[in-house]
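One structure is given below, encoded as structure tokens.
Ligands are counted one by one from 1 in listed order, and the atoms in each one are counted from 1 as well.
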Amino acid sequence: MTSTMPSPASATALTPTSSAAEPTTLPAILGTYKRQAPLFVRGEGVHMIDESGKRYLDFVAGIAVSSLGHADAGVMQAMQEAMATGLIHTSNLYRTAPGEALASWLVAHSFASSVFFSNSGAEANEGAFKFARRWAKSTGHQAKHEIIALRGSFHGRMPGTLAATDRPAYRLPFRPLMGGVTIVERNLEELRAVLDPETAAAVIVEPIQGEGGVRIVEPEFLRGLRELTRERNVLLILDEIQCGLGRTGSFFAYEQLGFEPDMLTIAKPLANGLPMGAILVNDTVARVMQPGDHGTTFGGGPLLAHVAHHVVQRLADPALLQHVRETGAWFGEQLQAIADRTGAVRAIRGTGLMWGMDVHEPAAAIIARAFDQGLLLVSAGEHTLRFLPPLVISREELAKGLAILEGAIKA
Ligand SMILES: *Cc1c(COP(=O)(O)O)cnc(C)c1O
């Protein structure tokens with residue numbers, strides 16, 4: 001509790017002046033986030049509860065993470081089963097049943113022939129970039145290493161993934177970022193010009209750009225990109241960290257596109273809140289990866305893998321996916337009705353239970369008013385509200401949140 005920041009007059013004189021008063025103490029948790037004031041102490045279904053007992057309807061789900069809601073009985077039981085073994089962690093030097101069962105399940109339910117487990121989304125994408133380069137070098141082209149990302153993309157905040165993230169404010173203070181990464185327009189002409197078989201290793205795409213404003217990348221464009229990458233001997237990586245695992249009404253978003261990627265990354269809801277990610281790779285990539293080519297201390301440990309194995313089976317349940325499609329379509333109609341009634345909305349985009357709403361006002365003002373009324377919302381850019389409720393949310397619960405939303409937009 002001694003984190004005071006002395007500010008002698010001489011130092012103040014050298015510091016650029018800011019309009020806000022200088023804080024006299026620094027927060028114990030580094031100030032990289034603006035957090036809402038209340039302390040949250042409990043979770044219950046689609047609600048989070050603060051220390052005063054106030055309940056908040058959760059349209060954020062920890063940013064598309066708590067897809068089964070909070071305190072889900074099956075998830076809690078899976079955690080207890082895993083803890084009862086006493087084997088929380090082994091490192092990847094040893095085999096465990098949960099990791100192998102989860103990997104086999106993912107292989108059986110996707111295009112992939114192998115899986116690498118990571119601890120987060122950014123880590124999954126960083127790993128995918130390494131795998132792409134490892135494969136590219138194996139083709140015999142020594143200069144084949146370029147990673148290409150699209151305008152509007154978000155792939156993470158580490159050196160490689162930040163280089164592939166199209167957000168100037170996130171990037172500029174941290175240059176130089178990883179080299180050999182290019183961001184191009186979502187346009188097949190431009191991609192034809194940059195996809196040189198001798199230099200390009202992979203293209204990475206979010207089928208729905210989440211942080212970039214919930215922008216659905218046109219399926220026609222994606223199918224063209226799949227053909228082009230095959231033609232040019234370049235890998236296609238789909239980043240389904242936010243839009244995958246049921247969010248759009250199919251287990252993987254790519255199932256609705258009619259083609260398969262070479263690699264696919266998942267994370268956010270994979271263990272319903274425990275930190276876990278994965279890179280799914282096809283046999284082309286799997287064949288070139290050798291012991292020592294990549295590593296992680298924690299990745300795929302038995303506790304997380306056991307919980308994730310439970311979670312993926314729940315998220316792949318056809319009844320849940322149907323619920324997401326039907327309830328999501330209804331939710332989109334309700335958002336449109338709010339837009340029509342209030343005249344305060346510029347555009348609505350989305351599918352499944354992943355929606356964005358462009359508003360005239362700064363999104364933060366609406367989010368703050370909704371928060372006061374007990375509704376959790378998140379933005380995706382300065383003027384875009386983003387809706388990512390738990391996938392298990394009911395129509396009645398959504399209707400309650402929509403009423404609060406409308407009030408917050410009108411206020
Ligand atoms: C959240 C996200 C990431 C980064 O995941 P972290 O776990 O925060 O590192 C990468 N890609 C997409 C599409 C995301 O939504």
Students should be able to answer this: which protein heavy-atom is nearest to [atom], and at what distance?
atom: atom 7 (O) of ligand 1; answer: Gly121 N, 2.8 Å
atom: atom 11 (N) of ligand 1; answer: Asp239 OD2, 2.8 Å
atom: atom 9 (O) of ligand 1; answer: Ala122 N, 2.8 Å

Which of the atoms of ligand 1 are close to [X], meaning less than 4.0 Å from one of its heavy atoms?
X: Glu206; answer: 13 (C)
X: Ser120; answer: 7 (O), 9 (O)
X: Asn125; answer: 10 (C), 11 (N)

TODO: Indicate whether the side chain of Ser153 and that of Asp166 have a donor and an acceptor atom separated by less than 3.5 Å.
DONE: no

TODO: Please determine, by modelled atom types, if Arg226 and Thr229 share a side-chain donor-acceptor pair under 3.5 angstrom.
DONE: yes

Task: Arg247 to Ala61 - nearest heavy-atom pair and separation - done: NH2-CB, 4.5 Å

- [ ] Quick one: do Phe129 and Trp135 satisfy ring pair (Phe, Tyr, Trp, His ring centres under 6.0 Å)? Show the steps, please.
- [x] CA-CA 10 Å; Phe129 293 174; Trp135 165 80; over 10 Å; no

Open item on the list: If you take the centroid of each ring, where Trp contributes its six-membered ring, are Phe40 and Tyr56 closer together than 6.0 Å?
Closed with: yes

Task: Check: Phe111 ring centre within less than 6.0 Å of Tyr254 ring centre - done: yes

- [ ] Pick, from Glu211, Met276, Glu123, Lys268, the option with the minimum heavy-atom distance to atom 15 (O) of ligand 1.
- [x] Lys268

